[in-house]
Colleague: 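The structure under discussion is supplied below as structure tokens; questions concerning it will follow.
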Amino acid sequence: MERPYNFEKIESKLQCKWEQEGVFRVSEDSERPRYYVLEMFPYPSGRIHMGHVRNYTIGDVVARYKRMQGFEVLHPMGWDAFGLPAENAAIKHGTHPAKWTYENIDYMRSQLKKLGFSYDWTREIATCHPSYYRWEQLFFLEMYEKGLVYRKLSKVNWCESCSTVLANEQVEDGECWRCGTKVVEKELYGWFFRITAYADELLKGCDKLSGWPDKVLTMQRNWIGRSDGARIIFPVADREGENLTVFTTRPDTLFGVTFVSIAPEHSMVMTLAHGTGQEQAVKDFLAKWTVIPSKERLESKEKEGVWTGAFAVHPLTSEKVPIYVANFVLMEYGTGAVMAVPAHDQRDFEFAQRYGLPIRVVVQPDNIQAEKMTEAWDGPGRLVDSGEFNGIDNEEAKAAIVERLKAKGLGEPTVAYRLRDWGISRQRYWGAPIPIIYCSRCGIVPVPRDQLPVELPLDAQLDASGRSPLPRFEPFYKTTCPKCGGEARRETDTMDTFVESSWYFARYTCPDETSMPLDRKRVEKWLPVNQYIGGVEHAILHLLYSRFFTKVLRDLEWLSVDEPFENLLTQGMVLKEGAKMSKSKGNVVDPDEMIRRYGADTVRLFILFAAPPEKDLEWSDHGIAGCHRFLQKLWRIVTANAEGLRTADTSQSALEQAVLFSTALKALRRKTHQTIAKVTDDIERRMQFNTAISAVMELINEVHGCLGSCSMNAAFLSVMREALDAVLILLSPMVPHITEELWCVMGHAESITKASWPQADATLLDANEVKIAVQVNGRLRGEVTVPKTASQEEVLAAAHKNEAVKRHVEGKVIRKVVYVAGRLLNVVVQ
RNA sequence: GCCGGAGUGGUGGAACUGGUAGACGCGCCGGACUCAAAAUCCGGUGGGGGCAACUCCGUGUCGGUUCGAUUCCGACCUCCGGCACCA
């Protein structure tokens with residue numbers, strides 16, 4: 001008879017059972033087709049939050065669904081375990097980052113286990129372990145040999161509070177992405193990954209990623225920022241052999257050039273000014289504009305500059321135009337020098353107005369006059385005042401002018417990217433050491449491979465300053481040069497933690513491999529990841545780096561795919577009272593607390609039901625209670641009828657017999673198969689779990705209705721059992737514990753995780769009779785029930801008998817009749 | 001400024017290919033059971049008008065295409081996200 005739904009007991013019992021039986025362990029040599037589902041691994045910050053619960057619940061639904069569909073599913077979990085918070089916590093609590101990290105991992109693992117996620121825990125990895133990061137050091141060395149890693153002195157984004165360099169991608173609105181401190185500029189030596197070497201492939205690859213959201217692809221394309229244009233050489237007047245090369249996307253406006261601007265950091269600035277009498281003025285200008293960090297410099301939109309005293313020679317007209325240093329020209333983009341066309345570029349226009357430089361219109365849409373312009377014209381037109389090119393459409397003129405320049409050896413087509421190389425050096429302790437040695441005699445010497453890993457010393461002590469102890473920790477930095485054997489010093493910077501997360505998905509395929517980073521055979525079996533799931537906040541950083549790394553590892557012959565993630569789902573945030581959950585706002589809902597109160601199944605169900613995955617989800621205390629009620633109801637329906645259900649006959653013939661004399665049971669069977677079709681489509685094609693759940697709720701409502709109206713006989717039990725078997729299987733990827741328990745209550749001997757996904761019987765999906773909506777002039781007036789096979793004429797005849805329809809049609813002329821088979825009839829009258 | 005996305009009841013959301021707007025859930029209202037409460041069960045629930053049958057209005061705003069528009073097109077408003085002196 002009925003027993004209470006003791007979720008706590010059921011969930012812990014089944015979690016133990018699954019673990020003991022190794023239900024989710026992946027088999028390498030299974031005959032089944034493979035499927036790899038992955039969620040972005042967490043940083044072990046201490047406790048999981050609702051965002052994690054959402055991310056991992058979605059992934060678990062996919063994993064369990066695919067397993068029941070007959071796939072061998074790889075569904076691993078691990079820890080992105082290096083990073084700054086560990087250091088901060090260690091300083092604050094007087095502990096060690098490693099201890100803090102590993103303790104957090106232990107606790108968070110137990111939290112994930114309590115949610116019943118179907119991970120293969122035997123493949124767990126932690127990136128802070130030498131068995132992981134040693135391979136990253138190997139990749140670094142291989143990339144170094146290929147010229148994909150280099151060291152340079154550069155202006156870097158520096159966070160004073162974290163005492164470290166930040167990548168461009170880690171600067172948000174001029175502030176540190178992690179702590180919000182204002183980022184300042186600093187000159188430092190650092191190591192760079194040559195991601196720009198892959199700019200074009202990364203860009204073109206976007207077109208092939210049909211399983212990614214357009215939003216993410218757009219962001220990546222913009223970030224890479226390809227511009228097609230030309231390099232044009234402007235010889236410096238009266239200086240033999242000195243040239244200034246500019247980059248432009250508008251070679252068509254070449255004849256409108258009235259001056260040239262260069263960046264304050266440009267190497268030629270002082271040479272140009274030398275001996276012109278402008279030297280002091282230029283020095284003053286540089287003093288003002290090179291100390292101000294460029295981030296701040298960009299905040300002032302005011303165009304400012306100074307003449308260098310030098311002139312450039314126009315490559316086609318040989319006219320002399322002045323060369324200015326200008327605050328708005330960026331050294332990092334293009335060539336750090338631009339040809340200025342005030343009539344057709346707003347920045348040049350503003351600059352020209354301020355310094356009284358000429359404005360020359362060369363692209364004419366109709367009749368614009370230089371003297372009357374209030375802003376630059378950057379639209380299309382025909383060329384004027386452009387010598388032999390007059391009259392040509394400006395788009396066509398681009399190629400023609402570049403062609404002309406090329407013939408003279410003064411220009412060529414080229415491409416510029418917004419993307420910069422990836423600076424990976426961090427002046428931090430808790431990260432993977434960069435495997436490089438500095439020798440006063442031999443210079444930069446890579447650590448020989450047989451000396452890997454360069455282990456991070458766990459006995460180094462952090463002090464309150466927060467600075468890395470490595471540069472002062474002799475046992476680490478003091479070493480001998482592998483080349484000359486003399487005294488040498490190790491690199492004490494560590495790698496950006498984004499390096500670890502750029503290849504972990506590949507390591508999951510062979511985490512036990514001790515002789516090499518990746519076992520090609522296994523990597524090839526599993527990659528690419530079929531479904532990747534995570535927050536949209538990683539749309540650029542992590543996802544672009546991972547794509548880059550995949551291409552690098554492919555070229556280093558460690559794997560053979562071009563792209564790491566076939567399909568990407570970016571899930572929305574979990575909100576409370578319209579805001580992201582945060583300690584400071586005090587609106588955090590703790591997953592542990594919810595699991596204790598309602599159980600893991602209820603938490604999972606609510607988080608899937610409250611919103612479609614890619615949208616933000618508003619947490620609702622009432623909502624989760626409602627989900628719990630639904631599970632209670634399911635529990636009651638099954639347990640209260642358990643005895644009858646266990647013995648019910650669900651053979652094909654019994655089911656066919658059962659519905660012969662009952663339209664209610666016939667309808668229930670139809671609903672069952674419609675629900676199977678709907679839920680399968682919602683999970684497989686649409687990834688809309690909220691509507692999948694509502695479809696099952698409808699089916700349960702119908703079963704519940706029948707319980708109140710049908711007599712409890714063998715026929716009813718057969719049909720009810722068919723319905724409830726379907727309900728349990730369809731819900732099992734979402735609420736695995738209660739469904740497994742009830743599956744057993746219904747008398748199934750084997751675990752529901754071994755059940756195969758049901759298939760809808762197509763012959764049962766449609767009723768013999770259909771309801772047709774009847775409109776008059778597009779307005780709904782009535783409804784008629786006709787046989788499924790009824791023709792338009794028959795439907796129309798039925799409609800004419802409908803009172804409401806009659807009223808609106810009577811005495812009027814029928815102009816037209818539109819019939820949508822099986823759905824709707826529209827009678828147009830006048 | 002440029003590029004995306006979104007705007008639907010009191011509320012979270014549904015309507016997938018232009019075809020009955022508001023599925024499912026929450027909340028609320030009424031009823032049954034109970035001494036009472038909780039739980040559960042039954043019924044109602046977009047707005048206006050009407051005793052009622054019924055009828056008019058309604059998917060951010062204004063237009064358009066169509067027999068028919070939440071869906072397509074144009075203009076605009078609001079919110080969110082990304083990029084932003086990138087030549």
Side-chain angles (χ1 to χ4, degrees), chain A residues 172 213-223 225-227 229 246-250 253 261 263 294 297-303 326-330 332-341 344-348 350-351 378 416-420 536-537 539-540 572 605-606 609-612 614-627 629-630 632-633 636 678 681-682 685-686 688 690-698 700-701 704 708 771-783 803-804 807 815-829:
Chain A
E172 293 171 351
D214 288 337
K215 180 187 175 166
V216 173
L217 292 174
T218 304
M219 282 164 72
Q220 294 221 344
R221 287 189 184 105
N222 290 342
W223 191 263
R226 180 187 162 112
S227 290
V246 304
F247 172 75
T248 183
T249 54
R250 294 293 307 273
T253 63
S261 322
S294 57
R297 194 167 104 200
L298 297 183
E299 272 167 27
S300 123
K301 292 264 172 176
E302 210 48 50
K303 307 288 174 290
N327 65 343
F328 64 89
V329 180
L330 305 172
E332 312 89 78
Y333 186 75
T335 61
V338 292
M339 60 180 223
V341 186
H344 305 294
D345 181 282
Q346 187 57 26
R347 294 156 301 189
D348 298 341
E350 286 167 30
F351 195 88
D378 59 7
Y417 295 94
R418 215 195 70 107
L419 184 71
R420 311 278 150 80
V536 72
E537 66 273 17
I540 300 172
L605 185 68
F606 171 70
F609 181 60
E614 68 282 359
K615 285 181 96 180
D616 286 351
L617 182 155
E618 174 71 28
W619 186 268
S620 157
D621 293 332
H622 282 302
I624 192 168
C627 285
R629 275 203 293 276
F630 169 72
Q632 292 271 19
K633 184 173 175 176
R636 268 197 311 275
K678 164 81 177 153
D681 186 53
D682 276 351
R685 181 179 61 85
R686 303 212 306 154
Q688 297 266 293
N690 54 334
T691 48
I693 293 165
S694 76
V696 179
M697 285 174 168
E698 282 184 54
I700 282 290
N701 288 346
H704 186 81
K771 285 178 180 169
I772 307 284
V774 183
Q775 297 182 335
V776 179
N777 289 349
R779 303 180 64 96
L780 183 68
R781 295 301 175 188
E783 195 175 72
E803 286 302 322
R807 252 200 324 278
R815 287 263 175 242
K816 189 176 176 181
V817 176
V818 182
Y819 179 56
V820 184
R823 306 206 69 147
L824 171 141
L825 182 81
N826 188 11
V827 184
V828 184
V829 299

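Remember, predicted model here, so these are calculated numbers, not experimental data. Lettering follows sequence order; numbering is per chain, from 1.
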Colleague: Please classify the nucleic acid contact of Val828(A) as base, sugar-phosphate, or nothing, using heavy-atom distances under 4.0 Å.
Modeller: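 The answer is sugar-phosphate, as Val828(A) gets under 4.0 Å only of primed atoms, P, OP1 or OP2.
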Colleague: How far, in whole Å, is A37(B) from G10(B) if one measures between their P atoms?
Modeller: 31 Å
Colleague: When you look at CG of Asp616(A), are more than 12 heavy atoms from neighbouring residues, nucleotides or ligands closer to it than 6.0 Å?
Modeller: yes
Colleague: Where does G9(B) land, syn or anti, once you apply the within-90°-of-0 test for syn?
Modeller: syn
Colleague: Check every strand shown and say whether Glu698(A) touches a base, only sugar-phosphate, or nothing at a heavy-atom separation below 4.0 Å.
Modeller: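 Touches sugar-phosphate only.
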Colleague: Between Arg781(A) and U20(B), does any side-chain N or O lie under 4.0 Å from OP1 or OP2?
Modeller: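 Indeed not, no polar side-chain atom of Arg781(A) lies that close.
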Colleague: Roughly, in whole Å, what's the span from CD in Gln688(A) to C1' in G12(B)?
Modeller: 14 Å
Colleague: Answer with base, sugar-phosphate or nothing: what part of the nucleic acid does Glu783(A) contact at a heavy-atom distance below 4.0 Å?
Modeller: base
Colleague: Less than 4.0 angstrom between a side-chain N/O of Arg779(A) and OP1 or OP2 of C57(B), yes or no?
Modeller: yes
Colleague: NA contact type, Gly334(A), heavy-atom cut-off 4.0 Å: base, sugar-phosphate, or nothing?
Modeller: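 Here Gly334(A) touches no strand at all.
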Colleague: Looking at Arg636(A), does any N or O in its side chain come under 4.0 Å of the phosphate oxygens OP1/OP2 on C41(B)?
Modeller: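 For C41(B), OP1/OP2 do have a side-chain N/O of Arg636(A) under 4.0 Å.
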Colleague: Indicate whether OP1 or OP2 belonging to C86(B) is found under 4.0 Å from a side-chain N or O atom of Arg250(A).
Modeller: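 Checking Arg250(A) against C86(B): no side-chain N or O falls below 4.0 Å of OP1 or OP2.
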Colleague: So, is Tyr333(A) near the phosphate of A87(B), with a side-chain N or O under 4.0 Å from OP1 or OP2?
Modeller: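 Answer is yes, contact under 4.0 Å.
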Colleague: Which part of the nucleic acid, if any, lies within contact of Ser620(A), taking any heavy atom under 4.0 Å across all strands shown: a base, the sugar-phosphate backbone alone, or nothing?
Modeller: nothing
Colleague: What's the gap between C77(B) and G27(B) when it is taken at their P atoms, as a whole Å value?
Modeller: 40 Å
Colleague: Give me the distance, rounded to whole Å, that separates G25(B) from G64(B) when you measure between the P atoms they each carry.
Modeller: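 Result for the P pair: 40 Å, nearest Å.
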Colleague: Touch check for Asn826(A), heavy atoms < 4.0 angstrom, all strands: base, sugar-phosphate only, or nothing?
Modeller: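 Base contact.
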Colleague: Mind running side-chain contact (heavy atoms from CB on, under 4.5 Å) on Phe328(A) and Glu350(A) for me, showing each step along the way?
Modeller: CA-CA 11 Å; Phe328(A) 64 89; Glu350(A) 286 167 30; over 6 Å; no
Colleague: What's the spacing between Thr691(A) OG1 and Asp682(A) CG if we round to 0.5 Å?
Modeller: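 Reported value, rounded in 0.5 Å steps: 3.5 Å.
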Colleague: With C1' as the reference atom in both, quote the distance from G13(B) to C62(B) in angstrom, rounded to an integer.
Modeller: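 To the nearest whole Å, 28 Å.
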Colleague: Taking the side chain of Ala773(A) as its heavy atoms from C-beta onward, which of A15(B), G27(B), U20(B) lies nearest to it?
Modeller: U20(B)
Colleague: Measure the spacing between CH2 of Trp223(A) and CE of Met219(A) and express it to the nearest 0.5 Å.
Modeller: 9.0 Å
Colleague: Dot-bracket, RNA chain B: Watson-Crick or G-U, under 3.5 angstrom, [ ] crossing, | other strand?
Modeller: (((((((..(((......[....)))((((((.......))))))((((....))))..(((((..]....))))))))))))....
Colleague: Quick check on G25(B): is either OP1 or OP2 less than 4.0 Å from any side-chain nitrogen or oxygen of Asn701(A)?
Modeller: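 The answer is yes; a side-chain N or O of Asn701(A) sits under 4.0 Å from OP1 or OP2.
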Colleague: Starting at CG of Leu605(A) and ending at C1' of G12(B), how long is that distance when rounded to a whole Å?
Modeller: 14 Å
Colleague: May I ask you to verify if any side-chain N or O of His622(A) is less than 4.0 angstrom from the OP1 or OP2 atom of G10(B)?
Modeller: no
Colleague: For atom C1', what is the distance between U34(B) and A38(B), given to the nearest Å?
Modeller: 10 Å
Colleague: Counting only heavy atoms not in Arg823(A), do more than 12 sit closer than 6.0 Å to its CZ atom?
Modeller: no
Colleague: Looking only at side-chain atoms of Lys615(A), point me to the closest of C83(B), G19(B), A14(B).
Modeller: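 Closest nucleotide among those given: A14(B).
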Colleague: Select one nucleotide: of A23(B), U40(B), A87(B), the one nearest the side-chain heavy atoms of Ser227(A).
Modeller: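 Of A23(B), U40(B), A87(B), A87(B) is nearest to the side chain of Ser227(A).
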Colleague: Which residue lies toward the 5' end of RNA chain B, His704(A) or Met339(A), if each is placed at its nearest nucleotide?
Modeller: His704(A)
Colleague: Nearest to the side chain of Gln775(A), which nucleotide is it out of G81(B), U20(B), G13(B)?
Modeller: U20(B)
Colleague: Distance check, C1' atoms only: C79(B) and C28(B), in whole angstrom units.
Modeller: 29 Å
Colleague: Between A14(B), C16(B), G4(B), which nucleotide has the shortest distance from any of its atoms to the side chain of Lys678(A)?
Modeller: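 That would be C16(B).
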Colleague: Nearest to the side chain of Arg807(A) - C86(B), A15(B), U55(B)?
Modeller: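 For Arg807(A), the side-chain atoms sit closest to U55(B).
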Colleague: Which whole-number value in Å describes the distance from Glu537(A) CD to G4(B) C1'?
Modeller: 17 Å
Colleague: Please work out if Asp682(A) contacts a base, only the sugar-phosphate, or nothing of the nucleic acid, heavy-atom cut-off 4.0 Å.
Modeller: nothing
Colleague: Measure CZ/Arg823(A) against P/A15(B) and give the value in whole Å, please.
Modeller: 13 Å
Colleague: Please state the C1' separation for the pair U8(B) and G60(B) - nearest whole angstrom.
Modeller: 10 Å
Colleague: When rounded to the nearest 0.5 angstrom, what distance separates NE2 in His704(A) from CZ in Arg636(A)?
Modeller: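 Answer for the NE2-CZ pair, His704(A) versus Arg636(A), is 8.0 Å.
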Colleague: Using only atom types and a distance under 3.5 Å, with no angle test, would you say the side chain of Asn327(A) pairs donor to acceptor with the backbone of Glu302(A)?
Modeller: yes
Colleague: Rounded to the Å, how far apart are Gln346(A) CD and C86(B) C1'?
Modeller: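 Distance, rounded to whole Å: 16 Å.
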Colleague: Could you pull out the closest heavy-atom pair between Arg781(A) and Ala804(A), with the gap in Å?
Modeller: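 Closest heavy-atom pair between Arg781(A) and Ala804(A): O-CB, 3.1 Å.
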Colleague: Between A6(B) and A14(B), how far is it from one P atom to the other, in whole Å?
Modeller: 12 Å
Colleague: What nucleotide, of G19(B), A23(B), A87(B), holds the atom closest to the side chain of Leu824(A)?
Modeller: G19(B)
Colleague: Which of the following nucleotides, C54(B), A14(B), C16(B), is nearest to the side chain of Arg685(A)?
Modeller: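 Per side-chain heavy atoms of Arg685(A), the pick is C16(B).
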Colleague: How long is the straight-line distance from CG of Leu217(A) back to CG of Asn222(A), given to the nearest 0.5 Å?
Modeller: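 Asn222(A) atom CG to Leu217(A) atom CG measures 11.0 Å (nearest 0.5 Å).
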Colleague: Measure from the side chain of Arg420(A), starting at C-beta and using heavy atoms only, and say which of C86(B), U20(B), C24(B) lies closest.
Modeller: C86(B)
Colleague: Under 3.5 Å, is there any donor-acceptor pair linking the side chain of Arg418(A) to the base of C83(B)?
Modeller: no
Colleague: Starting at atom NZ of Lys633(A), determine the distance to atom P of G25(B), rounded to an integer number of angstrom.
Modeller: 7 Å
Colleague: How do Thr218(A) and Thr248(A) order along RNA chain B: which one's closest nucleotide is nearer the 5' end?
Modeller: Thr218(A)
Colleague: List in chain and number order the residues that pass ring pair (Phe, Tyr, Trp, His ring centres under 6.0 Å) with Phe606(A), two or more places apart in sequence or in another chain; answer none if no residue qualifies.
Modeller: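 Per chain and number, Phe606(A) pairs via ring pair (Phe, Tyr, Trp, His ring centres under 6.0 Å) with Trp619(A).
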Colleague: Can you tell me which nucleotide in C67(B), C3(B), C54(B) comes closest to the side chain of Val818(A)?
Modeller: C67(B)
Colleague: Please check this pair: side chain of Asp345(A) against backbone of Asp378(A), looking for a donor-acceptor N/O pair closer than 3.5 Å.
Modeller: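 No.
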Colleague: If only side-chain N and O atoms of Lys816(A) are considered, is one of them under 4.0 Å from the OP1 or OP2 phosphate oxygen of C67(B)?
Modeller: yes
Colleague: Does a side-chain N or O of Asn327(A) approach OP1 or OP2 of C85(B) to a distance below 4.0 Å, or not?
Modeller: no
Colleague: Rounded at 0.5 Å granularity, tell me how far CD1 in Ile693(A) sits from CD1 in Ile700(A).
Modeller: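 If we round to the nearest 0.5 Å, Ile693(A):CD1 and Ile700(A):CD1 are 13.0 Å apart.
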